[in-house]
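The structure appears below as structure tokens.
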There are 2 protein chains.
Amino acid sequence: MSRQTSCVARSARSRKSYHHGDLRASLLDAAVELIAERGLHGLSLRECARRAGVSHAAPYRHFADKDALLLAIARRGFELLTRTGVAAMRGVEDPRDRLDAYGVAYVRFAVDNPVLFRVMFTAEIEEPEPESEPEPEPESQDHTGRAFELLMEAAAAVVGEDSEQAQELAAVASWSLPHGLAMLILDGRIPAEQASTPDEAEDLARKILAQWRGPLS
Amino acid sequence: MSRQTSCVARSARSRKSYHHGDLRASLLDAAVELIAERGLHGLSLRECARRAGVSHAAPYRHFADKDALLLAIARRGFELLTRTGVAAMRGVEDPRDRLDAYGVAYVRFAVDNPVLFRVMFTAEIEEPEPESEPEPEPESQDHTGRAFELLMEAAAAVVGEDSEQAQELAAVASWSLPHGLAMLILDGRIPAEQASTPDEAEDLARKILAQWRGPLS
DNA sequence: GATTTATGTAGACGATGTCAACAATGATGA
DNA sequence: TCATCATTGTTGACATCGTCTACATAAATC
């Protein structure tokens with residue numbers, strides 16, 4: 001039978017059927033690949049379409065716009081980051097250790113998924129106004145915020161029942177440090193001996209976070 | 001006399017003479033302005049040329065290419081950042097206070113110059129290989145590094161004569177925290193009540209750094 | 001099996017980055 | 001003073017890109 005029913009065909013360069021199977025996912029994959037090769041600036045919808053083996057206007061059936069593609073990638077990134085963070089904290093009892101575990105996982109995520117991380121924080125990507133719907137869907141809504149809420153909770157557990165402001169301060173600080181470290185590493189601005197491999201980067205994060213317990217103890 | 005000898009004419013929309021006067025600087029200004037309006041992604045050499053009142057290919061007499069323009073902006077940013085950091089630390093005696101002053105100034109710089117800051121750390125901007133010259137010019141060379149060296153020294157003064165590794169660790173941490181904070185603020189990811197104005201952002205940085213003295217002193 | 005909906009194609013448009021050929025200006029040296 | 005020449009702008013062209021409209025095909029629904 002020439003008919004391939006199991007034709008999910010993620011990255012099908014050559015397909016037989018008129019329809020692709022899962023073009024949306026293929027385009028996302030192609031985009032991430034492309035960015036990895038040529039940088040964010042080198043991303044082109046047409047090239048994504050080419051790599052997915054599809055005509056240049058096909059992507060517009062799945063993404064309103066180039067920015068919508070980027071936004072989808074960012075969303076994918078935030079989901080993965082949230083999952084990674086949860087996994088890293090699982091089973092760690094001490095609140096402070098949990099917070100550190102999240103920080104280390106954050107940096108590790110960044111060096112393991114540099115493209116996702118960069119797209120996530122390149123901004124210029126704003127959620128388009130929901131137009132008609134005031135409540136688009138509370139669940140799929142703000143994956144950006146989930147990662148932060150997680151951190152917020154972890155930080156609150158460390159600070160204790162102090163003022164809410166102290167909790168927020170701790171959360172912001174506990175996010176800033178790994179975030180800055182990750183960004184600097186990705187930009188190649190950390191001396192090469194300290195973070196040339198993912199493992200070294202993780203080590204560096206661990207050391208810094210351990211040393212930085214500071215007022216939260 | 002119709003001849004205006006003082007025709008430096010920075011942002012001359014309409015110029016009389018064939019030559020512009022200081023096109024290079026005008027283009028840089030226009031580029032920063034454009035990025036502020038439309039985002040990095042909306043920067044276009046042709047629009048810069050238009051705003052400088054010059055033909056679309058004129059910029060190529062001053063910049064090899066679009067990336068070269070960005071690189072020039074980044075360089076300008078690092079110079080300003082270095083000056084800002086030096087000024088902030090001037091007269092502050094206590095090593096730890098000096099380090100904090102640098103951190104606060106760093107964040108303040110970012111919120112005061114969001115375009116410069118973003119261009120500086122957008123990466124994808126690599127110094128082109130010097131081709132022939134092995135030593136391009138030690139002074140104009142690495143303004144990226146000056147800002148970091150400054151920090152390195154300030155951190156070393158706090159840590160003392162400990163191992164060099166401890167100094168580097170402190171420097172990386174002391175850079176990561178303000179850098180991450182600045183990035184998150186610029187991305188609008190810090191709760192609005194905490195950093196909606198430059199002054200609030202500076203306050204936030206001050207509080208966090210004060211609280212984060214941690215292992216240093 | 002007919003109709004509707006989802007998905008992909010073809011072609012066009014204006015804008016962009018970049019290059020090559022040409023023109024005007026200002027500096028240099030006889 | 002004037003001819004020469006390197007700088008700096010201008011024009012026009014090309015390939016590519018994002019995006020739109022009109023059309024074609026497959027899949028789903030009745």
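Side chains are part of it too, since the values below use all heavy atoms of this structure and drop only hydrogens, waters and symmetry mates. From a predicted model like this one, the values you see are computed outputs, not experimental measurements. In what follows, chains carry the letters A, B, and so on, assigned in the order in which the sequence lines appear, proteins first and then strands, with residues in each chain numbered from 1.
Remark: A/Arg24 is not in phosphate contact with C/dA6, judged by side-chain N or O atoms under 4.0 Å from OP1 or OP2. One finds a side-chain N or O of B/Arg50 lying less than 4.0 angstrom from the OP1 or OP2 phosphate oxygen of C/dT16.
In this structure B/Asp203 satisfies the salt bridge (Lys or Arg N to Asp or Glu O under 4.0 Å) test with no other residue, sequence neighbours excluded. Not a single side-chain hydrogen bond (donor to acceptor under 3.5 Å, both in side chains) links A/Asp65 to another residue, sequence neighbours left out. Residues passing the salt bridge (Lys or Arg N to Asp or Glu O under 4.0 Å) test with B/Arg38, sequence neighbours excluded: B/Glu47. Scanning for side-chain hydrogen bond (donor to acceptor under 3.5 Å, both in side chains) contacts around B/Glu153 gives an empty result, with sequence neighbours left out. With sequence neighbours excluded, no residue forms a ring-ring contact (aromatic ring centres under 6.0 Å, His included) with B/Tyr102.
As rounded to whole Å, 15 Å separates atom C1' of D/dG9 from atom CG of B/Asp22. Separating the CZ atom of B/Phe63 from the C1' atom of C/dT16 is a distance of 18 Å, rounded to the nearest angstrom. Residue A/His41 contributes atom NE2, which lies 15 Å from atom P of C/dT16 at whole-angstrom precision. One can place CG of B/Leu23 at 16 Å from C1' of C/dG26, the figure rounded to the nearest angstrom.
A salt bridge links A/Arg206 to A/Glu202: one of the charged nitrogens lies within less than 4.0 Å of a carboxylate oxygen.
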List, with names and distances, any nitrogen or oxygen atoms from the protein found under 3.5 Å away from nitrogen or oxygen atoms belonging to nucleotides 18-22 of chain D.
{"unit_1": "D/dG18", "atom_1": "OP1", "unit_2": "A/Leu45", "atom_2": "N", "d": "3.0"}
{"unit_1": "D/dG18", "atom_1": "OP1", "unit_2": "A/Lys66", "atom_2": "NZ", "d": "3.4"}
{"unit_1": "D/dG18", "atom_1": "OP2", "unit_2": "A/Leu45", "atom_2": "N", "d": "3.1"}
{"unit_1": "D/dG18", "atom_1": "OP2", "unit_2": "A/Arg46", "atom_2": "N", "d": "3.3"}
{"unit_1": "D/dG18", "atom_1": "N7", "unit_2": "A/Arg46", "atom_2": "NH1", "d": "2.4"}
{"unit_1": "D/dG18", "atom_1": "O6", "unit_2": "A/Arg46", "atom_2": "NH1", "d": "2.8"}
{"unit_1": "D/dT19", "atom_1": "OP2", "unit_2": "A/Tyr60", "atom_2": "OH", "d": "3.0"}
{"unit_1": "D/dT19", "atom_1": "OP2", "unit_2": "A/Lys66", "atom_2": "N", "d": "3.0"}
{"unit_1": "D/dT19", "atom_1": "O5'", "unit_2": "A/Tyr60", "atom_2": "OH", "d": "3.3"}
{"unit_1": "D/dT19", "atom_1": "O4", "unit_2": "A/Arg46", "atom_2": "NH1", "d": "3.2"}
{"unit_1": "D/dA22", "atom_1": "N6", "unit_2": "A/Arg61", "atom_2": "NH2", "d": "3.4"}

